[in-house]
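Following: one structure in structure tokens, then a few remarks.
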Number of protein chains: 2
Amino acid sequence: MSRSNQMFKATVNVALSHVARMVPGADLGSEATLARDWQASRTTVRNVLTHLAGAGVILWEGRCKRLLRVPVASDYFPQTDVESTEDQAEQRFLEWMMRCELPPGSVLHESDLSRQLSLSVGVVRALLQRFQPMGLFEKNPNKHWVLHGFTRRFAAEMFAMRRLIETDAISAVLGAAQGSVVMQEMAHMERLHIALLARDDPAMAEFPALDSQFHRCICRAADNRFFDEFSQRISVIVHYHYQWNKRDEVARNRAALHEHLAVIRAVLEGRKEDARQAFAAHLDTARATLMASVSW
Amino acid sequence: MSRSNQMFKATVNVALSHVARMVPGADLGSEATLARDWQASRTTVRNVLTHLAGAGVILWEGRCKRLLRVPVASDYFPQTDVESTEDQAEQRFLEWMMRCELPPGSVLHESDLSRQLSLSVGVVRALLQRFQPMGLFEKNPNKHWVLHGFTRRFAAEMFAMRRLIETDAISAVLGAAQGSVVMQEMAHMERLHIALLARDDPAMAEFPALDSQFHRCICRAADNRFFDEFSQRISVIVHYHYQWNKRDEVARNRAALHEHLAVIRAVLEGRKEDARQAFAAHLDTARATLMASVSW
DNA sequence: AAAATGTATTTTATCCATAAAAGACCAAAT
DNA sequence: ATTTGGTCTTTTATGGATAAAATACATTTT
């Protein structure tokens, strides 16, 4: 079979929310402009226009593209059709990884997984390959995969690496000048942290994203792609891990926010030694929290 | 088309050099034993036995498997048929990467590359994906790849990471007890280094492998999969890079060997501060050498 | 001439068919 | 009872076919 038309459907939805802000009768502009605005190729734009004309949302004749009626909910494709297949795949795959009860050392078959996750074998293979270098899986040539999994050891090694990198990165942060991009980002992070603490949301749904943002922001100061890459990897892993280990979640997250804030404020006020110590302390509690939540 | 029978051919060659050490008339043993010895499945072993029987090398009837004649050169499959396709692909790909004259930012098409390297599109994609996280390439969804390439900046960032990791690892080395595995490996490295220096091979063909072995050996002491992984990545990149930048090769390599030896001896003799300093000095010269050889 | 559209070509994503290789099962032999 | 070999099933590797999406080129309109 051929590739999916997820791009087409997604662009239809983008187009609909775009024209929803216009009044009937207004002109949509040129195809090239639309392609830029909707982030798609002209080919896709033209397919979308054909679709919208067929649905009676617009009138399209040559260079005349006019809005006929404001779109309604039923014009849109459902959200599930629109999400990029890659993202969906990664999500399903990592969720499976984190909830899976298999002991380390279990053998995995691509075909098996592909059935369980309803993903094509090719996609499963790409995911396994992607997470292989981290040591979550191993592969014997011509043979099956072996699950190493998210073990205590994995967590410990990951954290050793994190400490190394982020301790180096925090020095870069402290070396940044007042008013530099890094400092602006830190000031922004302070506002976000205060806002989240004030919200007093019992679920703290936005904590994981903010946590990841905080650590990435620090790593970025080192201006090293390898730091960034590692930081991203950690975020993904930790995120999915905590999704299935919600014990003491709220208390844990509030404590982390306060620790972040202590670091941010010390940085902003130029108290370098305080910043270093606060950050080291944060890494310690983060490590302890993570290790306590790993079962194997 | 179907998959290649590289495994079969490779196993035939393994089998031939196995029976070459036996006298005609000797029994080969059970299929299961052969499968273990030849590192293949019983299915493949049986195919190989059929092939060898057809070539008149052995007599095979039920459980009687007897060597008829000592194999000759023409019984073997040529070396190129036997190398794993993955290795060949990686080799061709990285060689292309390192010699390629394209400036950073060039667009790459999978189909183009697949033609240039005579590899299937799937293999090319897998390679691009594999080296993507290192930042050698980037991909826009639904679009082409962009070459970032092995730039000065890439080299600098890679080396910053290397320094961070290996400085940490050398502490682990120095913490190892006398007679521990790490120390045994260091003693072994000393012998290898002395041997290579004594050989006085003007080409120093074996230097890259030994260099990589030295650094990996140090990384392994930290007992962290992320260190190992990074170390391996560096080895691959540096290896292919220097293959196409052979200026001052011999002098450069001899100097490096001596620097390695200084580190190894300080470690073996327990002079910890000396070891640290010698290692830091080696990283400095290695960095300078690498940076001097990058063009973009 | 510049910009927009119409048309054709190229490239990517995805599934399928096929043969190799691995693995499972059972009967026969020691 | 354990090992060995014969047979069958499952899984993996690999290229090809096909439609989506991107891109290049030609034509028309302003």
Side-chain angles (χ1 to χ4, degrees), chain A residues 1-11 27-36 38-50 60-65 84-86 89 107-115 119-126 128-129 139-145, chain B residues 1-11 27-35 38-50 60-65 84-86 89 107-115 118-126 128-129 139-145:
Chain A
M1 213 202 281
S2 77
R3 64 192 285 182
S4 86
N5 60 350
Q6 176 258 330
M7 186 69 192
F8 166 76
K9 290 180 181 172
T11 308
D27 193 87
L28 299 193
S30 76
E31 292 174 7
T33 319
L34 294 174
R36 191 167 35 70
W38 298 348
Q39 306 255 53
S41 71
R42 248 189 72 214
T43 307
T44 303
V45 166
R46 287 171 64 85
N47 288 334
V48 168
L49 290 174
T50 308
W60 186 29
E61 270 172 359
R63 29 199 86 195
C64 164
K65 295 181 280 295
S84 107
T85 38
E86 266 184 44
V107 306
L108 299 175
H109 293 292
E110 293 177 356
S111 45
D112 248 14
L113 265 181
S114 121
R115 271 190 293 268
L119 296 170
S120 88
V121 182
V123 174
V124 169
R125 178 151 63 227
L128 287 164
Q129 278 171 344
K139 162 103 217 229
N140 311 30
N142 291 322
K143 286 195 207 159
H144 45 66
W145 292 80
Chain B
M1 214 203 278
S2 77
R3 64 193 282 182
S4 85
N5 61 348
Q6 175 260 329
M7 185 73 191
F8 165 75
K9 291 180 179 172
T11 309
D27 194 86
L28 300 193
S30 76
E31 293 176 7
T33 317
L34 294 174
W38 298 348
Q39 306 256 52
S41 70
R42 247 189 72 214
T43 307
T44 302
V45 165
R46 288 171 62 84
N47 288 333
V48 168
L49 290 174
T50 309
W60 184 29
E61 269 172 358
R63 28 198 89 197
C64 165
K65 292 181 283 294
S84 106
T85 40
E86 264 182 47
V107 306
L108 299 175
H109 292 292
E110 292 178 354
S111 44
D112 248 14
L113 265 180
S114 120
R115 271 190 293 267
S118 349
L119 296 171
S120 88
V121 183
V123 174
V124 169
R125 176 151 62 228
L128 286 164
Q129 278 171 345
K139 162 102 215 229
N140 311 29
N142 290 323
K143 286 194 209 161
H144 45 68
W145 292 81

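All of these numbers come straight from a predicted model, not from anything done at the bench. Heavy-atom basis, side chains included; hydrogens, waters and symmetry copies ignored.
One interatomic measurement links the two molecules: CG of Asn5(A) to C1' of dC15(C), which rounds to 15 Å at whole-angstrom precision. Summarising the geometry, the separation between CH2 on Trp38(A) and P on dA21(D) is reported as 14 Å, rounded to the nearest angstrom. Taking atom CE of residue Met7(A) and atom P of nucleotide dT14(C), one finds them 13 Å apart after rounding to whole Å. For the pair Lys65(B) NZ and dT4(D) P, the interatomic distance rounds to 9 Å; values are reported in whole Å. Separating the CG atom of Asn47(B) from the P atom of dC8(D) is a distance of 15 Å, rounded to the nearest angstrom. Atom CG in Asp112(B) sits about 19 Å away from atom P in dA22(D), given to the nearest Å. Taking atom CD of residue Glu31(A) and atom P of nucleotide dA21(D), one finds them 16 Å apart after rounding to whole Å. The distance from atom CZ of Arg36(A) to atom C1' of dA4(C) is 14 Å, rounded to the nearest whole Å.
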Got a list of protein N/O to nucleotides 25-30 of chain C N/O distances below 3.5 Å?
none

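Within the nucleic acid shown, Thr43(A) comes within 4.0 Å of at least one base atom, counting heavy atoms only. Within the nucleic acid shown, Lys9(A) has no heavy atom closer than 4.0 Å to any nucleic acid atom.
Comparing Ser4(B) and Leu108(B) against DNA chain C, the residue whose closest nucleotide sits nearer the 5' end is Leu108(B). Where Trp60(B) and His144(A) each meet DNA chain D at their nearest nucleotide, the meeting point lying more 5' is that of Trp60(B).
The side chain of Ser41(B) places no N or O atom within less than 4.0 Å of a non-bridging phosphate oxygen (OP1 or OP2) of dA21(C). Within the 4.0 Å cut-off from OP1 or OP2 of dT11(C), not a single side-chain nitrogen or oxygen of Lys139(B) is found. Listed pair Ser111(A) / dT12(D) meets the phosphate criterion, a side-chain N or O lying under 4.0 Å from OP1 or OP2. The shortest distance between the side-chain N/O atoms of Arg46(B) and the OP1/OP2 oxygens of dG6(D) is below 4.0 Å. Look at Thr44(B) and you'll find a side-chain N or O under 4.0 angstrom from OP1 or OP2 of dA22(C). Contact annotation: His109(B) does not reach the phosphate of dT10(C) (side-chain N/O to OP1 or OP2, under 4.0 Å).
Between Met7(A) and Ala40(A), the shortest heavy-atom contact is CE-CB, 3.8 Å. Between Val107(B) and His144(B) the shortest heavy-atom distance is CG1-CE1, 3.8 Å. Minimum heavy-atom separation, Ser41(A) to Ala35(A): C-CB, 4.2 Å. When all heavy atoms of Leu28(A) and Leu34(A) are compared, the closest pair comes out as O-CD2, 3.5 Å. Trp60(B) and Glu31(B) get closest at one heavy-atom pair: CZ2-OE2, 3.5 Å. Nearest heavy-atom pair across Ser114(A) and Val124(A) is CA-CG2, 3.7 Å.
Side-chain atoms of Leu128(B) and Lys139(B), non-hydrogen and from C-beta on, never get closer than 4.5 Å to each other. Between Asn5(A) and Asn47(A) there is no side-chain heavy-atom pair separated by less than 4.5 Å. Side-chain contact between Val48(B) and Trp38(B) is present, with heavy atoms from C-beta onward closer than 4.5 Å.
With Lys65(A) contributing its side chain and Gly29(A) its backbone, the two residues share a donor-acceptor pair below 3.5 Å.
For the helix from dA1(C)-dT30(D) to dT30(C)-dA1(D), the angle separating the two terminal helix axes comes to 20°, with each axis derived from five pairs and the value rounded to 10°.
Considering only side-chain atoms of Arg3(B), the nucleotide from dA22(C), dT14(D), dT7(D) that sits closest is dT14(D).
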